[in-house]
Amino acid sequence: MASNDFQPLQGMSDISAPNIYIWRMIEEKARAIFTCYGYEELRTPVLEKLSVFQRSIGDATDVVKKEMYSFKPSKHEIAMRPEGTAGTIRHLAGQGEEGLNARVFYIAPMFRYERPQAGRKRQFHQIGVEATGVPNPLADAECIALQKHLLDEWGLSGSRIQISTRGEPSDRKPVADGLRSALQPHLDDLCDDCQRRIDENVLRVIDCKNPSCGKIVDQIPSAIEFMSEESRNYLDQVIQALEGMGIEVEVDPKLVRGLDYYVHTVWEITHGALGAQNAIAGGGRYEIALGKKGVPGVGFAMGMERVITSLEACGITADQFAPEGGIWLISLGADALTENMKLCRELRAKGIRCGMDLEAKSMKAQMRKANRVGAEKVIIRGEDELANGTVVIKDMNEGSQNTVSLEDIIRDA
RNA sequence: GUGAUUGUAGCUCAGUUGGUUAGAGCGCCUGGUUGUGGUCCAGGAGGCCGCGGGUUCGAAUCCCGUCUUUCACCCCA
């Protein structure tokens, strides 16, 4: 394509055939599995009041601070959702008691104004769930089990589940203080970014990618060790429940989830096929304050684009899910054209995939077309067939053909 | 926001130190005697060389800007 005029906005893309087939496979299988687990679909608006995101995701997070598409068309400042949890909880919080014990899923586009990169678009798609209810390690474990079930059903192999905990809000200060004092002796050896992070957000030091910082972090106690016994027990119970279900996870205290609403269990699923953004999914337990209510829940979001990239690395590609077969009708002469329109309509009414050229073309051209669209069979009708009430039906794979009556075709189709 | 990188037919890409009508493969269309596809043969259509400036007798090629692609940082799915 030579011109930019036909391109979508930066970081956004059209999803068309054949790629769309893998999207549909993912969505269809996901919906079926969600139904098995008792989840209902929820579709919230793309636009919400800005405050919905500020309150739940956190004012200070990058997502809210610099990555949102927001504007003020009237009284309220509004924004396009950068993730699905905030809107979902906004909905559930308005449902009274029922909303506090609900299971919903969504499959929807999200928007973040960032520089595009491997596995990162400005419009991307998430498939996620939220299960509200009082904190319960078994709920967290079930949520991870559900996610694993999805990956297995899609056919994804080679993913890793890493789990950690953020503890309770009351753990945050002891953790931050503990880490700071543990890092203090190594201050000079930390990278410039970490020198800054140690005051601003000490947890970020923990997952610094700089190797020399990593070495220091390995020497000091993990964040989990500064947490209360209750918090550590909670994580242990989640892990035990997962083990009981035969699901392998790696405990990684370095795992940091940036969104403010997380408490207790957090996890991430990564895949080696991805680039620097190697997480195909993230999840965790949260407590989101809305009005006077604090809505507790657990949920996850999977990046569909990243799932697809990973699936492709496993040899699972869109063309495997393309529709195939079907019948191509060939018309010789104007009368055959109109008669085939009728026949097409009858076949389609029976759910049969069929098609035909809508203009008079040579037989050769029509046969070529039949071949190109991958038709399993062709039906040929010309003057003779119309006169006799028959059609010629040809098997494109065998190359064999015979003449049958029109009624038989319609009945047996 | 920072730093790299890309842009030539529908697709994948050539295009020599600036020099006449910008090429290939694949795809597409039409034929290869009456109404038969995939293979083969022949022919054909299709390019503001991303866009806008500049340098030059002359720019796809050099310079500047801009948009876009890809990748990394930051952060996240």
Side-chain angles (χ1 to χ4, degrees), chain A residues 1-13 57-58 60-68 81-85 108-128 147 191-193 196-197 200-201 204 207-210 255-259 266-271 274-284 299-310 328 330-333 336 360-385 392-401 403:
Chain A
M1 182 55 59
S3 169
N4 283 346
D5 293 350
F6 307 115
Q7 268 176 335
L9 290 169
Q10 182 173 26
M12 309 208 171
S13 45
I57 300 169
T61 58
D62 279 13
V63 171
V64 169
K65 235 173 20 187
K66 53 184 203 189
E67 295 172 1
M68 280 210 292
R81 58 170 173 233
E83 53 90 91
T85 302
M110 306 294 164
F111 304 85
R112 257 122 102 156
Y113 188 81
E114 301 177 271
R115 288 287 288 274
Q117 190 182 332
R120 166 181 291 167
K121 306 225 106 194
R122 288 181 173 177
Q123 174 173 340
F124 60 104
H125 300 77
Q126 285 189 337
I127 173 160
Q147 216 171 358
C191 71
D192 292 348
D193 282 333
R196 182 175 46 78
R197 287 179 184 130
E200 286 177 8
N201 190 347
R204 288 276 162 238
D207 71 340
C208 179
K209 287 173 188 109
N210 191 314
L255 183 66
V256 175
R257 307 260 76 207
L259 277 25
V266 289
W267 69 90
E268 198 168 272
I269 302 182
T270 58
H271 197 276
L274 274 6
Q277 315 308 322
N278 65 348
I280 58 177
F300 65 73
M302 313 181 88
M304 291 183 74
E305 286 84 352
R306 294 184 188 179
V307 168
I308 288 169
T309 303
S310 307
W328 193 254
I330 289 181
S331 326
L332 301 165
K361 286 190 173 174
S362 72
M363 176 122 190
K364 188 179 189 128
Q366 294 186 66
M367 283 298 293
R368 269 208 265 257
K369 182 73 177 280
N371 190 61
R372 195 173 65 239
V373 301
E376 212 168 7
K377 290 174 179 171
V378 297
I379 285 175
I380 303 167
R381 295 172 93 190
E383 283 176 28
D384 295 349
E385 289 77 14
V392 169
I393 182 152
K394 173 167 184 168
D395 186 308
M396 291 296 272
N397 298 320
E398 309 270 323
S400 59
Q401 68 181 52
T403 304

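Worth knowing before you read on, the calculation uses all heavy atoms, side chains too, and leaves out hydrogens, waters and symmetry mates. Note on naming: letters A, B, ... go to the chains in the order of the sequence lines (proteins, then strands), and numbering restarts at 1 for each one.
- Take A:Asp384 and apply the side chain to side chain contact (heavy atoms under 4.5 Å, CB included) test, not counting sequence neighbours, and it matches no residue.
- Rounded to an integer number of Å, the gap from A:Trp267 CH2 to B:rA77 C1' is 13 Å.
- A:Met363 has its CE atom 6 Å from the P atom of B:rU36, to the nearest Å.
- Across all strands, A:Met302 comes closer than 4.0 Å to no nucleic acid atom at all (heavy-atom distances).
- Contacts of A:Glu114 with the nucleic acid, taken as non-hydrogen atoms under 4.0 Å apart, include base atoms.
- Among the nucleotides B:rC75, B:rA77, B:rG37, the one closest to the side chain of A:Ala301 is B:rA77.
- Of the residues in residues 369-377 of chain A, those lying under 4.0 Å from RNA chain B by heavy-atom distance are A:Asn371, A:Arg372.
- A:Gly128 comes within 4.0 angstrom of nothing in the nucleic acid, heavy atoms only.
- With the nearest nucleotide of RNA chain B identified for both A:Asn278 and A:Glu398, A:Glu398 has the one nearer the 5' end.
- Heavy atoms of A:Ile380 sit under 4.0 angstrom from at least one base atom.
- Across B:rU56 and B:rC64, the matching C1' atoms stand 16 Å from one another, rounded to whole Å.
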Tell me which donor-acceptor pairs under 3.5 Å the side chains of residues 366-378 of chain A have, and how far apart each pair is, sequence neighbours excluded?
unit_1, atom_1, unit_2, atom_2, d
A:Gln366, OE1, A:Ser331, N, 3.0
A:Gln366, NE2, A:Ser331, O, 2.8
A:Gln366, NE2, A:Lys361, O, 2.9

Polar atom pairs (N or O), protein with nucleotides 30-32 of chain B, under 3.5 Å:
unit_1, atom_1, unit_2, atom_2, d
B:rG32, N7, A:Lys364, NZ, 3.0
B:rG32, O6, A:Lys364, NZ, 3.3

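- Rounded to whole Å, the C1' atom of B:rA22 lies 14 Å from the corresponding atom of B:rG46.
- The CE atom of A:Met12 sits 10.5 Å away from atom CZ of A:Phe124, with the distance rounded to the nearest 0.5 Å.
- Not a single salt bridge (charged side-chain N to carboxylate O under 4.0 Å, His left out) links A:Glu385 to another residue, sequence neighbours left out.
- Spacing between B:rU17 and B:rA9 at atom C1', rounded to whole Å, works out to 27 Å.
- For A:Glu305, the side-chain hydrogen bond (donor to acceptor under 3.5 Å, both in side chains) partners at least two apart in sequence or on another chain are A:His125.
- The side chain of A:Glu67 has B:rC75 as its nearest neighbour among B:rA72, B:rC75, B:rA77.
- Pairing analysis of RNA chain B (Watson-Crick: purine N1 to pyrimidine N3 plus N6-O4 or O6-N4; G-U wobble: N1-O2 and O6-N3; both under 3.5 Å) yields stems of 3 or more pairs at B:1-4 with B:70-73, B:10-13 with B:23-26, B:28-32 with B:40-44, B:50-54 with B:62-66.
- Taking the P atoms as reference points, B:rG10 lies 23 Å from B:rU6, given to the whole Å.
- The closest donor-acceptor contact from the side chain of A:Arg306 to the backbone of A:Ala281 lies at 3.5 Å or more, if one exists at all.
- Proximity note for A:Lys394 (side chain, C-beta onward) versus B:rC73, B:rU36, B:rA77: the nearest is B:rU36.
- If you take NZ of A:Lys121 and C1' of B:rU70, they are 10 Å apart, rounded to a whole angstrom.
- Distance check on atom P: B:rG3 versus B:rA77 gives 27 Å, rounded to whole Å.
- In this structure, NZ on A:Lys66 lies 10.5 Å from OG1 on A:Thr61, to the nearest 0.5 angstrom.
- Comparing the P positions of B:rC62 and B:rG38 gives an interatomic distance of 44 Å, to the nearest angstrom.
- Note on A:Arg204: only backbone sugar-phosphate atoms sit closer than 4.0 angstrom, heavy atoms only; bases stay farther off.
- Regarding A:Gln366, its CD atom lies at a distance of 10 Å from the C1' atom of B:rG35, rounded to whole Å.
- Per the geometry, CG belonging to A:Leu9 stands 15 Å off C1' belonging to B:rU69, to the nearest Å.
- A:Ala60 meets the side chain to side chain contact (heavy atoms under 4.5 Å, CB included) test with no other residue; sequence neighbours excluded.
- In this entry the distance linking CD1 of A:Ile330 with C1' of B:rG35 reads 10 Å, nearest Å.
- Comparing B:rG58 with B:rU21, their P atoms are spaced 15 Å from each other, to the whole Å.
- With B:rU69, B:rG35, B:rC75 as the choices, the nucleotide that has an atom nearest any side-chain atom of A:Val392 turns out to be B:rG35.
- Across A:Ala301 and A:Gln147, no two heavy atoms sit closer than the pair O-NE2, 4.5 Å.
- Listed pair A:Gln277 / B:rA77 fails the phosphate criterion, with no side-chain N or O lying under 4.0 Å from OP1 or OP2.
- Note that the CG atom of A:Asp62 and the CG atom of A:Leu259 stand 10.5 Å from one another [nearest 0.5 Å].
- Atom-to-atom distance recorded for A:Ile379:CD1 and A:Ile330:CD1 is 10.0 Å, nearest 0.5 angstrom.
- The structure places CD1 of A:Ile57 at 6.0 Å from CE of A:Met68, a figure rounded to the nearest 0.5 Å.
- A:Gly11 comes within contact range of the sugar-phosphate backbone alone, with a heavy-atom separation under 4.0 Å but no base atom that close.
- With sequence neighbours excluded, the residues satisfying side-chain hydrogen bond (donor to acceptor under 3.5 Å, both in side chains) with A:Lys121 are A:Ser13.
- In terms of phosphate contacts, A:Gln117 brings a side-chain nitrogen or oxygen within less than 4.0 Å of OP1 or OP2 of B:rC73.
- Test A:Arg81, A:Met304, A:Arg122 against A:Met110 for side chain to side chain contact (heavy atoms under 4.5 Å, CB included) and you get one pass: A:Arg81.
- Under the side-chain hydrogen bond (donor to acceptor under 3.5 Å, both in side chains) criterion, A:Arg381 pairs with A:Asn340, sequence neighbours left out.
- Rounded to whole Å, the separation between the P atoms of B:rG19 and B:rC63 comes to 15 Å.
- Partners of A:Arg257 according to the side-chain hydrogen bond (donor to acceptor under 3.5 Å, both in side chains) rule, which considers only residues two or more places apart in sequence or in another chain, are A:Glu268.
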Measure all distances between protein nitrogen or oxygen atoms and nitrogen or oxygen atoms of nucleotides 3-6 of chain B, and list the pairs falling under 3.5 Å.
unit_1, atom_1, unit_2, atom_2, d
B:rG3, O6, A:Arg115, NH2, 3.0

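- In this entry the distance linking CE of A:Met367 with C1' of B:rU36 reads 5 Å, nearest Å.
- An OP1 or OP2 oxygen of B:rU69 is reached within less than 4.0 angstrom by a side-chain nitrogen or oxygen of A:Gln10.
- Between the CZ atom of A:Phe111 and the P atom of B:rC75 there is a distance of 24 Å, given to the nearest Å.
- In this structure, A:Gly303 and A:Arg120 both approach RNA chain B, and ranking their closest nucleotides by distance from the 5' end singles out A:Arg120.
- Within the nucleic acid shown, A:Leu332 comes within 4.0 Å of at least one base atom, counting heavy atoms only.
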